[in-house]
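Only one structure is covered here, and it is reproduced in the block below.
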Amino acid sequence: MKIVAVTANPDPLSMTNAAGNALLDGAAEGGAQTELIDLCAEGFNPVYGMEDREHYLGRGPMPDDVLAMQSRIRDADALALVFPIYWYTMPAIMKGFFDRVLCRGFSYDADGTPGALAGKTIRIVMLSGGGEDWYRSSGIGQALDNQIRQQTFIKYCQAGDVSFTYIDNLRSGDDEPEARQAADRHLVSLALMGRELALGDKTSAESGDAGARS
């Protein structure tokens, strides 16, 4: 069992990175092989350029940096994408990961042939200053679910088990004791998620505690 977490936050001390590491720590405790891909720390280039375009059109090879990233997730049994919500969607660097890495010829094929993510377990962990209830009642949550879970991973990538987890009501830089305690509860829940993934159990698609630094 291999579990890979991909994070998108420039602050190495962020709750985003702590969340990704907590999930992987739990997975390791459950006996899984783990890997963290910190897109910001690794300097991933999110810009879809002409090399990407030429590959998409069938006129050129996959860019080397994309191939290297794909090799790290190809044999994963479960993939966790961990990111803060910026302007009601994912950060640009995570969107670039979708655009460049989860591309035609890897995660899906034009003729419907299953790609490298077919049948895999996907966990989307989203950190937010707003409450999960607001995201659901405002329609933003449904839009995120449709775009990321249903259309991208289920329809195109043919993934097998895809779910959302909200880490909500966060305040960036809040180190008050109550906020830190709430953050610790989140991290414990994520470690449990990772352990359950390693053991092959299903995890809940929802999480609703308060939190801390996003």
Side-chain angles (χ1 to χ4, degrees), residues 1-8 20 23-24 27 32-40 42-126 140-166 193-194 197 200 202-203 205:
M1 172 68 71
K2 179 181 177 180
I3 299 175
V4 174
V6 183
T7 62
L23 188 150
L24 293 182
Q33 175 188 354
T34 65
E35 182 175 0
L36 176 70
I37 299 175
D38 182 336
L39 295 175
C40 294
E42 296 188 17
F44 173 72
N45 178 13
V47 179
Y48 184 96
M50 277 305 300
E51 279 190 288
D52 303 283
R53 176 68 173 166
E54 289 294 297
H55 170 263
Y56 178 81
L57 295 174
R59 299 196 299 234
M62 196 86 74
D64 288 342
D65 63 329
V66 172
L67 281 172
M69 190 67 73
Q70 290 171 345
S71 71
R72 298 167 68 182
I73 66 174
R74 183 183 298 275
D75 61 346
D77 299 284
L79 178 66
L81 304 175
V82 186
F83 57 87
I85 297 176
Y86 292 166
W87 284 110
Y88 316 114
T89 188
M90 64 186 73
I93 197 165
M94 182 62 78
K95 182 59 166 62
F97 178 86
F98 275 62
D99 292 345
R100 302 193 65 218
V101 178
L102 307 184
C103 63
R104 179 187 290 181
F106 176 72
S107 62
Y108 75 96
D109 290 285
D111 63 1
T113 301
L117 300 184
K120 293 187 184 295
T121 296
I122 310 292
R123 293 289 177 264
I124 298 102
V125 179
M126 301 182 298
I140 301 297
Q142 290 92 326
L144 288 167
D145 180 85
N146 185 46
Q147 172 196 340
I148 300 172
R149 190 180 69 86
Q150 297 183 45
Q151 299 297 326
T152 298
F153 285 112
I154 294 177
K155 178 182 176 181
Y156 267 84
C157 299
Q158 301 180 45
D161 175 16
V162 188
S163 68
F164 271 18
T165 294
Y166 283 86
M193 177 190 291
L197 285 172
K202 300 293 183 182
T203 59

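Along the sequence shown, the residues carry numbers beginning at 1. Atoms considered below: every heavy atom in the structure, side chains included; atoms not considered: hydrogens, waters and symmetry mates.
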Non-hydrogen atoms of Pro63 and Asp52 that approach each other most closely: CG-OD1, 3.6 Å
N/O donor-acceptor pair under 3.5 Å between Lys120 side chain and Gly160 backbone: no
Side-chain donor or acceptor of Thr121 paired with backbone N/O of Ala78 under 3.5 Å: no
Between CD1 on residue Ile37 and CG on residue Leu81, distance to nearest 0.5 Å: 9.5 Å
Leu144 vs Ile85 side-chain heavy atoms within contact, under 4.5 Å: yes
Student check: side-chain heavy atoms of Ile73 and Val101 closer than 4.5 Å: yes
Phe98 atom CZ: more than 12 heavy-atom contacts under 6.0 Å: yes
Arg53, CZ atom: more than 12 neighbouring heavy atoms under 6.0 Å: no
Nearest heavy atoms of Met69 and Leu39, plus distance in Å: CE-CD2, 4.1 Å
For the student: nearest non-hydrogen atoms of Phe44 and Gly96, plus distance: CE2-C, 3.7 Å
Close side-chain approach of Lys155 and Tyr108, heavy atoms under 4.5 Å: no
Full working for side chain to side chain contact (heavy atoms under 4.5 Å, CB included) between Phe97 and Val66: CA-CA 9 Å; Phe97 178 86; Val66 172; over 6 Å; no
Asp109 (side chain) donor-acceptor with Asp111 (main chain) under 3.5 angstrom: no
Nearest heavy-atom neighbours spanning Asp161 and Arg123: OD2-NH2, 2.9 Å
Intermediate values then yes/no, side-chain hydrogen bond (donor to acceptor under 3.5 Å, both in side chains), Ser163 and Arg149: CA-CA 7 Å; Ser163 68; Arg149 190 180 69 86; over 6 Å; no
Distance (rounded to the nearest 0.5 Å) between Cys103 SG and Tyr156 OH: 13.5 Å
Thr89 and Lys95: CA distance, side-chain angles, deciding distance, side chain to side chain contact (heavy atoms under 4.5 Å, CB included) verdict: CA-CA 9 Å; Thr89 188; Lys95 182 59 166 62; over 6 Å; no
Any Ile124 side-chain heavy atom under 4.5 Å of Thr165 side chain: no
Contact check, side chains of Gln33 and Ile3, non-hydrogen atoms, under 4.5 Å: no
Side chains of Pro46 and Asp99 in contact at under 4.5 Å (non-hydrogen atoms): no
Check: Gln70 and Leu67 side chains under 4.5 Å, non-hydrogen atoms: yes
Within 6.0 Å of CG in Asp75, more than 12 heavy atoms from elsewhere: yes
Shortest non-hydrogen contact from Pro84 toward Ala8: CD-O, 3.2 Å
Pair Tyr48-Arg100, side-chain donor/acceptor within less than 3.5 Å: no
Test item: Gln158 side-chain N/O and Gly112 main-chain N/O as donor-acceptor pair under 3.5 Å: yes
Salt-bridge contact Asp77-Lys2 (side-chain N to carboxylate O under 4.0 Å): no
Sub-4.5 Å side-chain heavy-atom contact between Val6 and Met94: yes
Full working for side chain to side chain contact (heavy atoms under 4.5 Å, CB included) between Gln150 and Asp145: CA-CA 6 Å; Gln150 297 183 45; Asp145 180 85; 2.5 Å; yes
NZ/NE/NH1/NH2 to OD/OE distance under 4.0 Å, Glu51 and Arg59: no
Under 3.5 Å donor-acceptor, Ser107 side chain and Leu117 backbone: no
Rounded distance [0.5 Å steps], CD1 in Ile154 versus CD1 in Ile148: 12.0 Å
Closest non-hydrogen atom pair, Met62 against Arg104: CE-O, 4.3 Å
